[in-house]
A.B. asks: 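The following block contains the structure, expressed as structure tokens.
Every chain is numbered from 1, with letters handed out A, B, ... down the list of sequences.
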2 protein chains.
Amino acid sequence: MELRDIEIFLTLAQELHFGRTAERLHVSQARVSQSVAKQERRLGVALFDRTSRSVSLTPVGRRLREDLQQAVDLLHEGLARAEAAGPGAGRTLRLGVFGHAGHELRPLVDAFRARYPGSDIQLNEINGSDAFTALRAGDTDVNVLWLPVAEPDLTVGPTVLTGGRVLAVPTGHPLAVRGGATLEDLADHHVVDLGPDAPEYWVAAMVPLRTPSGRRVPRGPAGRTFHEILSLVASGRCVHPLGEIAARYNSPPGIVFVPLRDAPELQYALTWRSTDDSPAVRALARTAAELGPITL
Amino acid sequence: MELRDIEIFLTLAQELHFGRTAERLHVSQARVSQSVAKQERRLGVALFDRTSRSVSLTPVGRRLREDLQQAVDLLHEGLARAEAAGPGAGRTLRLGVFGHAGHELRPLVDAFRARYPGSDIQLNEINGSDAFTALRAGDTDVNVLWLPVAEPDLTVGPTVLTGGRVLAVPTGHPLAVRGGATLEDLADHHVVDLGPDAPEYWVAAMVPLRTPSGRRVPRGPAGRTFHEILSLVASGRCVHPLGEIAARYNSPPGIVFVPLRDAPELQYALTWRSTDDSPAVRALARTAAELGPITL
DNA sequence: CTGCCTTACGGGTCCCGTAAGCATC
DNA sequence: GATGCTTACGGGACCCGTAAGGCAG
């Protein structure tokens, strides 16, 4: 008899629909079914009458819903009160984002500020090369990073942003003329080398090491910040793949962004130090989870 | 934030002692420490002031205790009401026990009857050979079996009985004259063969296959029920190891029970079909866990 | 040095997702 | 045939125990 099961029961009691319940709680439909079945087995009573087309509460279920709802309300109230008493409650979270992604994250930041007036969010710009070092050094509390992120000391939270990809190419470049690029094209041009500070697998998720057919993608001149990358591209020495979002708020001279059509969608998720399991971080994660990912 | 952690917090808030809290909840002391530390990390507030010699609630902890206590009371109340509405509540549990073990289990049966007036317990006698088949066939709902029991389809609950062991020998047997036996002695006499119905490892926990020094213990004539075993021993054809409890309520003619001094203590635990996760079974398990094992 | 609480580490359990099954419209 | 609830099965996260560490009397 765990809290999670009670939450599932209460949501289903409200929705009266397994699919919608699963969606709201971000679990699979099968899980809702399993959870309710377990509850009923333990209690020895049917809580819902259901066919494959309709779901309704039994009298016992109706009564249980009232009791449990009251209990969990009280419980959350008490926990919230204790949390509010803590020093961490009014903390200002430093959220590390790439370039202008902060603009698109506006709904999340606004929702967080509205729900937790005591806390605040400050946006810090991060670069691909130091995204991990900044987080580990404590320069930011939470970073918005593209996936996959698989670091033992970091926790990956909900996805907050999804979008396509573009390739930054110099004006007049053949690919600019063509108006689009594929992953296969990357082997024919140099890309910026971000250096060794970020994990190789993570950089590779944005800048592939090889094309789909297996040809190597040449790593060209070294650059660390977003603006360094742009100058290198503008100088005509290389091209570079970026998130679609980079193209949306930048129109740097000498550069054209062309869509990378066959690359899979990028997902950006909240990431924080596993040791920093504080209320403010959890509150942001909860808010993001309930808001769902923003699609570019 | 799970219900188990809340239970730990509430118990510690009452006991103000990690060791006693662990004991009451049947978990390790480390677990209590881990759970409380996690709670405090999540809430960002200290709930207890503690040195290695004293534990006390902080003001925040005191307030949280009141809130949570009220919430969990409400919660259990609601669940109990739903459970009481079920048909399983008034069910009669068939409890399978060896021989006269039911006498010793009286405190458990009485406690269960007092706490769950709607339910009842009926004692069924089982034998070593059919203990598992009876349970699987549904002839009993819960069996009291000596450990270890490791069957994928059976769940092992709390230990209800612990005690020593004896060896049944014919009157006038050299071991009877000596007034005691060791495991090593078993290699010099035949023991009853219980047949293939029960798992080998389980039978071996009562009737070893080999002595500590590695000599084989000869399996003699076959017998299935308790009384068959006693007749075989009385006939002088073999000896047989049993739980101390067998000696306590039996004084069959032609048989003497001598202590098996170097054998480890026997533990008897509740066991039931894993699929039968009903309120009555759970209620009995809960009662047994809170009562603790009965020592012979 | 002895309780008593905390930290480190590994194993087992169970939550949960995927995929297939089955019933109702 | 489509929609929607249930069952089967495998993987991974987390609970929890063991053992060692640290701190007060």
A.B. asks: Between atom CD in B:E2 and atom P in C:dT13, what is the gap in whole Å?
C.D. replies: 19 Å
A.B. asks: Whole-Å distance between C:dT7 C1' and B:K38 NZ?
C.D. replies: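 In whole Å, C:dT7 C1' and B:K38 NZ are 16 Å from each other.
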A.B. asks: For DNA chain C, determine which residues of residues 269-276 of chain B have any heavy atom closer than 4.0 angstrom to one of its atoms, and list them numerically.
C.D. replies: none
A.B. asks: So A:Y268 and A:W146, would you call those rings parallel, tilted or perpendicular, with 30° and 60° as cut-offs?
C.D. replies: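 Ring orientation of A:Y268 relative to A:W146: perpendicular.
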A.B. asks: Charged N to carboxylate O below 4.0 Å: is that the case for B:R81 and A:E66?
C.D. replies: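 Looking at B:R81 and A:E66, the cut-off is not met.
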A.B. asks: So if I define the base as every atom that isn't primed, P, OP1 or OP2, how would nucleotides 16-25 of chain C read as a B/S/- string at a heavy-atom cutoff under 4.0 Å?
C.D. replies: BBBB---BBS
A.B. asks: Base, sugar-phosphate or nothing for B:V32? Non-hydrogen atoms, less than 4.0 Å.
C.D. replies: nothing
A.B. asks: Roughly, in whole Å, what's the span from CZ in B:F18 to P in D:dA24?
C.D. replies: 15 Å
A.B. asks: Is atom CD of A:E23 surrounded by more than 12 heavy atoms (other residues, nucleotides or ligands) closer than 6.0 Å?
C.D. replies: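 No, not enclosed.
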A.B. asks: Would you mind checking if B:R165 and B:D262 are paired as a salt bridge, meaning a charged N to carboxylate O distance below 4.0 Å?
C.D. replies: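 No.
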A.B. asks: Quick one: CD1 on B:I121 to CG on B:L105, what's the gap to the nearest 0.5 Å?
C.D. replies: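 So the CD1 of B:I121 and the CG of B:L105 are separated by 9.0 Å.
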A.B. asks: Would you kindly give the CZ-to-C1' distance between B:R41 and C:dT6, to the nearest whole Å?
C.D. replies: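 Rounded to the whole Å, the gap is 12 Å.
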A.B. asks: I'd like to know if the side chain of B:E40 and the backbone of B:L47 have a donor-acceptor N/O pair within less than 3.5 Å.
C.D. replies: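 Looks like yes, one N/O pair under 3.5 Å.
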A.B. asks: Is there side-chain contact between B:T51 and B:S54, with heavy atoms separated by less than 4.5 Å?
C.D. replies: yes
A.B. asks: Nearest-Å distance, CZ (B:F48) to P (C:dC4)?
C.D. replies: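 Going from B:F48 (CZ) to C:dC4 (P), I get 17 Å.
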